[in-house]
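Here is the structure we will look at, set down as structure tokens.
Chain identifiers are assigned alphabetically (A, B, ...) following the order of the sequence lines, protein sequences preceding nucleic acid strands; residue numbering begins at 1 within each chain.
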Amino acid sequence: SQQGEEDPQALSIQEGENATMNCSYKTSINNLQWYRQNSGRGLVHLILIRSNEREKHSGRLRVTLDTSKKSSSLLITASRAADTASYFCATDFPGTYKYIFGTGTRLKVLA
Amino acid sequence: ETGVTQSPTHLIKTRGQQVTLRCSSQSGHNTVSWYQQALGQGPQFIFQYYREEENGRGNFPPRFSGLQFPNYSSELNVNALELDDSALYLCASSRTPDGYYGYTFGSGTRLTVV
């Protein structure tokens with residue numbers, strides 16, 4: 001079963017704009033990770049946020065976590081055509097080493 | 001440092017056959033996880049190997065099995081292939097089983113069962 005669910009399913013923006021995608025999950029977690037996937041190939045790790053953290057930054061990426069709402073958001077600022085990809089959140093099941101991925105947000109950045 | 005390498009990149013098999021997929025983990029990583037990704041879906045966790053032992057399993061039948069070798073490379077074996085096994089199979093290595101430093105994914109093996 002899917003633990004995480006990304007929203008929106010697809011997003012199309014102009015280069016230079018900000019892109020925001022959201023992830024909701026069902027059970028408590030230790031960690032939440034965001035990954036990018038280009039054209040159905042391997043996933044690239046973007047950022048990990050722990051359950052006791054509320055916000056993390058990495059370059060043009062900003063991730064927030066609200067454990068009370070069981071949700072996270074990924075903000076990409078000043079987007080570029082190269083950011084075009086699918087973005088997935090992945091949450092762990094406490095007590096296991098299993099990460100559950102959502103269905104992803106397909107981002108298209110138009111030049 | 002080298003990343004995660006998977007072989008082969010593409011494979012076509014007939015229903016009922018058996019297949020072995022291979023993965024070389026990134027240098028310094030002792031944990032390998034395998035995922036199945038159907039078209040348009042997120043990756044689904046199959047199992048994880050840590051120091052040559054299975055360290056967790058998802059909702060996959062026993063015909064999905066694996067191995068991890070002393071050099072931390074890994075194999076995924078699937079017996080009695082079914083049409084629904086057609087998918088992208090991803091291998092990910094990590095420094096620790098909990099993936100705290102992130103998982104490094106390979107480019108995957110695209111398996112087609114006909």
Side-chain angles (χ1 to χ4, degrees), chain A residues 1-10 21-27 29-53 56 58 61 63 72 74 85-106, chain B residues 3-7 9-10 23-26 29-51 53-60 68 86-112:
Chain A
S1 63
Q2 296 289 142
Q3 155 82 314
E5 199 170 300
E6 288 89 345
D7 168 61
Q9 290 187 329
M21 48 208 92
N22 304 295
C23 167
S24 58
Y25 55 92
K26 296 173 186 171
T27 66
I29 60 171
N30 288 328
N31 304 307
L32 183 146
Q33 304 193 43
W34 285 91
Y35 285 84
R36 184 186 75 229
Q37 186 177 38
N38 291 86
S39 303
R41 301 308 288 179
L43 286 83
V44 174
H45 178 251
L46 297 176
I47 202 163
L48 178 148
I49 188 165
R50 304 197 77 172
S51 59
N52 61 355
E53 296 175 310
K56 279 187 91 166
S58 177
L61 306 179
V63 168
S72 174
L74 170 66
S86 291
Y87 291 82
F88 295 91
C89 69
T91 51
D92 63 349
F93 271 18
T96 78
Y97 297 124
K98 180 165 65 172
Y99 269 86
I100 306 298
F101 283 77
T103 51
T105 291
R106 293 185 306 282
Chain B
V4 174
T5 305
Q6 291 188 244
S7 63
T9 54
H10 294 86
C23 170
S24 295
S25 60
Q26 180 169 313
H29 289 188
N30 58 21
T31 304
V32 172
S33 304
W34 285 92
Y35 288 83
Q36 179 196 65
Q37 187 178 22
L39 206 59
Q41 300 295 313
Q44 299 281 317
F45 176 76
I46 303 175
F47 43 55
Q48 182 186 83
Y49 278 83
Y50 171 61
R51 293 183 176 176
E53 297 284 333
E54 188 178 288
N55 194 39
R57 191 178 181 93
N59 295 327
F60 281 80
Q68 187 180 33
S86 295
L88 180 68
Y89 288 84
L90 294 162
C91 165
S93 72
S94 54
R95 271 196 247 172
T96 57
D98 64 0
Y100 180 71
Y101 300 99
Y103 292 100
T104 302
F105 279 82
S107 296
T109 294
R110 174 82 55 192
L111 173 65
T112 302

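In this structure, A:Leu32 and A:Tyr25 have side chains that are in contact, with non-hydrogen atoms separated by less than 4.5 Å. Residues A:Phe101 and B:Gln44 form no side-chain contact, since every pair of their non-hydrogen atoms from C-beta on lies 4.5 Å or further apart.
In this structure, B:Glu54 places its CD atom where more than 12 heavy-atom neighbours from other residues, nucleotides or ligands lie under 6.0 Å away. Heavy atoms from other residues, nucleotides or ligands lying under 6.0 Å from CZ of B:Arg57 number more than 12.
In terms of heavy-atom pairs under 4.5 angstrom with chain B, the leader among A:His45, A:Gln9, A:Lys98 is A:Lys98. Counting heavy-atom pairs under 4.5 Å between each of B:Tyr101, B:Phe47, B:Tyr50, B:Tyr103 and chain A puts B:Tyr103 at the top.
Using a 4.5 Å cut-off between heavy atoms, A:Arg50 contacts chain B through its side chain alone, with no backbone atom that close. Only the side chain of A:Leu48 comes within less than 4.5 Å of a heavy atom of chain B; its backbone N, CA, C and O stay farther away. The contact between A:Tyr99 and chain B is made by backbone and side chain atoms together, counting heavy-atom distances below 4.5 Å.
Legend: residues meeting side chain to side chain donor-acceptor pair (under 3.5 Å) with B:Tyr89, ordered by chain and number and at least two apart, are B:Gln36.
Taking all atoms of both residues into account, the shortest heavy-atom contact from A:Ile47 to A:Ser58 is CD1-CB, 3.9 Å.
Aromatic ring orientation, B:Tyr35 versus B:Phe45: perpendicular (interplanar angle above 60°, classes split at 30° and 60°).
In this structure, CG on B:Asn55 lies 4.5 Å from CD on B:Gln48, to the nearest 0.5 angstrom.
Residues of residues 91-98 of chain B that come within less than 4.5 angstrom of chain A, heavy atom to heavy atom, are B:Pro97, B:Asp98 in numerical order.
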